[in-house]
*Asks:* 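Here it is: the structure, laid out below.
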Amino acid sequence: WRELHDRAMRSLMGYPQPERDLRRIRAATLILIGEHDMDAFKRIGELIRRAVVGSRREYIRGAGHLGMLEAPDVVGPLMDKRPLGLEAAG
């Protein structure tokens with residue numbers, strides 16, 4: 001996980017997003033968390049779920065942080081816009 005120690009990651013970590021900013025989000029929000037993801041990402045997902053009204057959290061069984069690559073047959077249908085209450089583009 002070399003990228004966790006480079007300047008770009010330090011720069012991102014130097015600009016924390018306050019929870020009050022998350023509460024301003026009004027868009028349909030789907031939070032996907034891999035069963036084997038790092039605990040820190042699981043906690044962040046839970047924080048987002050609590051802060052964003054109407055958000056939806058899904059755990060991806062057997063996946064880590066790269067659910068789209070590890071379980072595309074599970075993640076793809078979850079990302080379909082209709083379950084989020086959005087109309088499909090067309």
Side-chain angles (χ1 to χ4, degrees):
W1 292 82
R2 190 184 79 177
E3 64 271 12
L4 294 177
H5 301 287
D6 70 8
R7 284 184 289 146
M9 183 56 76
R10 277 195 300 273
S11 175
L12 287 172
M13 292 170 60
Y15 183 71
Q17 302 256 284
E19 194 171 334
R20 70 176 181 271
D21 288 352
L22 292 172
R23 289 191 192 106
R24 294 174 45 207
I25 296 172
R26 296 292 177 249
T29 303
L30 175 62
I31 304 153
L32 300 175
I33 301 171
E35 174 185 21
H36 303 296
D37 211 336
M38 294 169 56
D39 288 339
F41 291 122
K42 291 176 182 180
R43 288 191 303 271
I44 291 167
E46 180 57 24
L47 180 126
I48 294 169
R49 187 199 60 77
R50 286 193 321 263
V52 177
V53 175
S55 63
R56 189 172 117 213
R57 178 191 59 205
E58 296 285 343
Y59 286 101
I60 310 304
R61 188 181 312 252
H65 192 66
L66 302 174
M68 284 292 294
L69 298 175
E70 297 167 317
D73 55 327
V74 174
V75 173
L78 290 171
M79 294 183 68
D80 185 335
K81 292 181 180 188
R82 287 177 297 245
L84 291 173
L86 302 174
E87 294 298 321

*Asks:* If you look at every heavy atom in Ala27 and Val52, which pair is closest and at what distance?
*Replies:*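 So the minimum-distance heavy-atom pair works out to O-CG1, 4.5 Å.
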*Asks:* If you look only at distance, which donor and acceptor atoms sit under 3.5 Å apart when one is on a side chain in residues 42-51 and the other is two or more places apart or in another chain?
*Replies:*
| from | atom 1 | to | atom 2 | distance (Å) |
| --- | --- | --- | --- | --- |
| Lys42 | NZ | Glu35 | O | 2.7 |
| Glu46 | OE1 | Arg49 | NE | 3.1 |
| Glu46 | OE1 | Arg57 | NH1 | 2.1 |
| Glu46 | OE2 | Arg49 | NE | 3.3 |
| Glu46 | OE2 | Arg49 | NH2 | 2.6 |

*Asks:* Side chains of Arg56 and Leu78: closer than 4.5 Å at any heavy-atom pair?
*Replies:*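 In short, these two side chains touch, coming nearer than 4.5 Å.
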*Asks:* Does any part of the side chain of Glu58, heavy atoms only, come nearer than 4.5 Å to the side chain of Leu30, both counted from C-beta?
*Replies:*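 Leu30 vs Glu58: side chains touch.
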*Asks:* Please determine whether residues Leu66 and Tyr59 belong to a single hydrophobic cluster, defined as Ile, Leu, Val, Met, Phe, Trp and Tyr linked transitively by side-chain heavy-atom distances below 4.5 Å.
*Replies:*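 In one cluster: no.
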*Asks:* With the side chain counted from C-beta on, respond yes when Ile60 and Ile33 share a heavy-atom pair under 4.5 Å apart, and no when they do not.
*Replies:*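 A side-chain contact under 4.5 Å is absent here.
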*Asks:* With Glu70, which residues qualify under side-chain hydrogen bond (donor to acceptor under 3.5 Å, both in side chains), at least two apart?
*Replies:*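 Result, side-chain hydrogen bond (donor to acceptor under 3.5 Å, both in side chains) vs Glu70: none returned.
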*Asks:* Give me the other members of the hydrophobic cluster that Val53 sits in, counting Ile, Leu, Val, Met, Phe, Trp and Tyr linked by side-chain heavy atoms under 4.5 Å, directly or via other members.
*Replies:*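 Besides Val53, the hydrophobic cluster comprises nothing; the residue is isolated.
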*Asks:* Can you sort out the partners of Arg23 under side-chain hydrogen bond (donor to acceptor under 3.5 Å, both in side chains), two or more places apart, ordered by chain and number?
*Replies:*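 side-chain hydrogen bond (donor to acceptor under 3.5 Å, both in side chains) check on Arg23 returns Glu19.
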*Asks:* Output all residues satisfying salt bridge (charged side-chain N to carboxylate O under 4.0 Å, His left out) with Arg24, sequence neighbours left out; order by chain, then residue number.
*Replies:*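 Checked Arg24 against salt bridge (charged side-chain N to carboxylate O under 4.0 Å, His left out); matches are Asp21.
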*Asks:* How far apart are the closest heavy atoms of Pro72 and Pro77, and which atoms are they?
*Replies:*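 Scanning both residues, the minimum pair turns out to be O-CD, 4.0 Å.
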